[in-house]
Amino acid sequence: HKVVALLILEKGELQVSEKERQSQLESVFKEIATIISDKCVNPETKRPYPVTMIEKSMRQIHYSIKPNRNSKQQALEIIKQLKSVIEIERAEMRLRVLSHKKNRKQLKE
């Protein structure tokens, strides 16, 4: 019996109920929408889209979540597809560099 139990633990698969799977997919869906909302803006207003608007647009393009890929990869993929539904572009990043006066000359070069 011990050998059989070890074999099941090594090679067996965990069965996930439909509700658990649906809950996990919904969670990933919201996570992706949040990532897109954080990284993208409306090009006309330069303001970020609300997460609910991103979710609605994702449903409009019928994007299906891939559970074996991470959220950030899927978000980058979806941004390209969302351009067909809404005006969206990546937000520009601002960078601020602080230094001591003695290092400024080197930084300018």
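Values in this document were obtained by computation on a predicted structure and should not be read as measured data.
Note on Val51 and Leu82: separate hydrophobic clusters, where clusters join Ile, Leu, Val, Met, Phe, Trp and Tyr whose side-chain heavy atoms are under 4.5 Å apart, directly or indirectly. Under the 4.5 Å side-chain heavy-atom criterion for grouping Ile, Leu, Val, Met, Phe, Trp and Tyr, Ile32 is connected to Met53 within one hydrophobic cluster. Two different hydrophobic clusters hold Leu76 and Ile35 under the rule that ILVMFWY side chains link at heavy-atom gaps under 4.5 Å. Residues Val85 and Val41 do not share a hydrophobic cluster, clusters being chains of Ile/Leu/Val/Met/Phe/Trp/Tyr side chains in contact below 4.5 Å.
A pairwise comparison of heavy atoms in Ile54 and Ile86 identifies CD1-CD1, 4.4 Å as the closest pair.
A distance of 4.0 Å separates CE of Met58 from CZ of Phe29, quoted to the nearest 0.5 Å. Within the model, atoms CD1 of Ile65 and NZ of Lys30 stand 11.5 Å from one another, a figure rounded to the nearest 0.5 Å. Here CD1 of Ile88 is found 10.0 Å from CZ of Arg90. Values are rounded to the nearest 0.5 Å.
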Criterion salt bridge (charged side-chain N to carboxylate O under 4.0 Å, His left out) on Glu26 and Lys19, from CA distance to verdict: CA-CA 10 Å; Glu26 189 62 34; Lys19 283 185 180 181; over 6 Å; no

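Put simply, the side chain of Val28 does not reach to within 4.5 Å of the side chain of Pro67, judged on heavy atoms.
For Ser37 (side chain) and Tyr49 (main-chain N/O), a donor-acceptor pair under 3.5 Å exists by modelled atom type.
Legend: salt bridge (charged side-chain N to carboxylate O under 4.0 Å, His left out) pairs involving residues 69-89, not counting sequence neighbours, sorted by first then second residue: Lys46-Glu89, Lys66-Glu77, Arg69-Glu77.
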